[in-house]
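Keep in mind it's a predicted model, so treat the numbers as computed, not measured. Within every chain, numbering begins at 1; the chains are lettered A, B, ... in the order of the sequence lines, protein sequences first and strands thereafter.
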Protein chains: 2
Amino acid sequence: MTPAEPKMTRSQRVRSKALRVASDLFYANGVRAVGMDQIVDISGIAKTTIYRHFPTKDMLIEAFLQAEDAEFWHQWDQAVSGADAGIGELEALCRWIGDRVRRDGYRGCPQINVAAEFADYDHPARAVARSHKAEMLRRLTSICARTGVSNPSVLALQISLLLDGAFMSDGRLNGFDAPAVLIQAVRRIVASG
Amino acid sequence: MTPAEPKMTRSQRVRSKALRVASDLFYANGVRAVGMDQIVDISGIAKTTIYRHFPTKDMLIEAFLQAEDAEFWHQWDQAVSGADAGIGELEALCRWIGDRVRRDGYRGCPQINVAAEFADYDHPARAVARSHKAEMLRRLTSICARTGVSNPSVLALQISLLLDGAFMSDGRLNGFDAPAVLIQAVRRIVASG
DNA sequence: TCCTTTCACTACCGATCTGTATCGATAGTT
DNA sequence: AACTATCGATACAGATCGGTAGTGAAAGGA
């Protein structure tokens with residue numbers, strides 16, 4: 001994830017490292033629980049420098065979610081690549097997500113978590129979260145349409161709710177074969193469509 | 001919700017009001033965003049008094065979630081009362097939840113939101129949230145068993161993920177007939193079980 | 001009516017928060 | 001080697017955080 005490409009300038013390298021350290025702390029502890037001083041201590045980057053790249057903490061949080069968004073779709077594309085169009089893509093996504101939510105240190109969808117922390121609907125980070133979920137719904141609708149069902153938008157909405165529930169299942173899936181549970185549910189939702 | 005019963009002592013009335021004001025602020029703004037001073041200002045109750053009833057802010061948050069939990073199951077019981085056992089109960093719950101998530105000021109499940117704010121797995125508030133979700137899974141399993149399916153625990157898990165997704169759908173259900181969307185999904189999940 | 005408990009109010013504590021000012025060191029470029 | 005932009009480090013500002021101490025008023029039971 002965001003490997004240090006040697007083509008970057010020093011400024012870009014420093015910015016990248018600051019964002020990476022901040023993102024790890026934000027995700028593991030929650031954005032409000034992490035202070036800028038903590039990011040300074042762990043990254044070894046001066047506070048002045050961080051504030052030159054990210055003028056406010058809110059903008060740093062926004063950049064965190066945007067990077068998570070990009071990384072998410074990168075992995076999404078990898079998961080569906082090679083899968084049969086339609087139901088095959090859905091199953092591939094279920095396998096990917098089912099594994100993802102049981103990884104060590106998994107603490108839910110960062111977009112959802114940040115949205116829960118900020119009540120202000122117009123907070124820039126919440127705008128990123130909304131567009132993330134809108135994009136997910138768009139992609140699921142496109143896949144559902146490929147399965148040939150008559151009402152792909154409703155089906156995609158139902159599947160998106162199921163997957164969001166899986167994201168914040170908080171360990172409830174640990175006692176089960178998570179991918180299988182998700183695949184079975186998705187199959188049944190799509191089946192009689 | 002928690003009407004001021006005249007049988008309470010003065011101490012109980014004050015405690016109840018403090019918890020009610022704190023709960024409203026916590027839910028609307030997020031627990032970390034609300035300071036104790038804010039609760040003091042809006043409730044008109046002295047900070048010393050609040051701290052006598054709730055020794056720490058964490059315990060106040062815990063009490064908030066416990067009260068939300070009790071209120072949730074109260075409404076749950078009302079929603080399923082009179083419904084036909086099994087699928088009828090599930091449909092009644094879908095109608096209740098579908099309406100609930102589109103109410104003004106709805107900002108997701110408080111248990112999920114608070115869990116997202118605290119990374120510490122052992123935080124007392126997160127213990128309340130986990131037992132809340134465990135109870136929900138238990139009740140759904142019981143209902144699914146009443147429908148006569150062969151694997152009620154897996155079905156209940158799938159339905160609980162769908163409903164949790166609905167809780168934090170963040171307006172995605174607003175353009176749809178939310179109860180109908182949920183009922184259709186639940187029916188299909190249960191159908192071929 | 002008296003007496004005890006509980007209350008509201010004010011002021012305060014140390015810690016932590018986001019964000020800024022200053023300055024000397026360092027890296028990349030010419 | 002010299003110049004310029006960016007860096008790390010320290011110190012600080014102003015606000016807010018959770019939580020405590022002390023005091024006088026008010027409520028409730030006898």
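Between B:Arg172 and A:Asp164, at least one side-chain N (NZ, or NE/NH1/NH2) sits under 4.0 Å from a carboxylate O, which counts as a salt bridge.
The distance from atom CD1 of B:Ile61 to atom C1' of D:dG18 is 11 Å, rounded to the nearest whole Å. Atom CD of A:Gln12 is separated from atom P of D:dA5 by 17 Å (rounded to the nearest Å).
At a threshold of 4.5 Å between non-hydrogen side-chain atoms, the residues B:Arg107 and B:Asp170 do not count as touching.
Note: B:Trp73 and B:Trp76 have perpendicular aromatic rings, judged against thresholds of 30 and 60 degrees for the angle between ring planes. Between A:Phe72 and A:His132, the two ring planes are perpendicular [angle over 60°; tilted spans 30° to 60°].
Of all heavy-atom pairs between B:Ser81 and B:Gln78, the closest is OG-O, 3.0 Å. Closest of all the heavy-atom pairs between B:Ala178 and B:Leu173 is CB-CB, 4.0 Å. Residue A:Pro152 comes nearest to A:Thr141 through the heavy atom pair CB-O, 3.8 Å, listed as atom of the first residue, atom of the second, then distance.
Of all nucleotides in DNA chain C having an atom under 4.0 Å from a heavy atom of chain A, the first and last in 5' to 3' order are C:dT18 to C:dG28.
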### Task
List the steps, then state whether side chain to side chain contact (heavy atoms under 4.5 Å, CB included) holds for A:Glu89 with A:Asp84.
CA-CA 6 Å; A:Glu89 293 173 290; A:Asp84 291 343; over 6 Å; no
Under 3.5 Å, which N/O atoms of the protein pair with N/O atoms of nucleotides 27-30 of chain D?
residue	atom	partner	partner atom	Å
D:dG28	OP1	B:Arg13	NH2	3.2

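At least one cation-pi condition fails for A:Arg32 and A:Phe26: the charged atom is not both under 6.0 angstrom from the six-membered ring centre and inside a 45 degree cone around its axis.
If you check every strand for non-hydrogen atoms under 4.0 Å, A:Thr48 touches a base.
Non-hydrogen atoms lying under 4.0 Å from DNA chain C are contributed by A:Val34, A:Gly35, A:Met36, A:Asp37, A:Lys47, all within residues 34-47 of chain A.
Judged by closest nucleotide on DNA chain C, A:Ala33 is the one of A:Ala33 and A:Pro55 placed further toward the 5' end.
Heavy-atom contacts from other residues, nucleotides or ligands closer than 6.0 Å to CG of A:Asp41 number more than 12.
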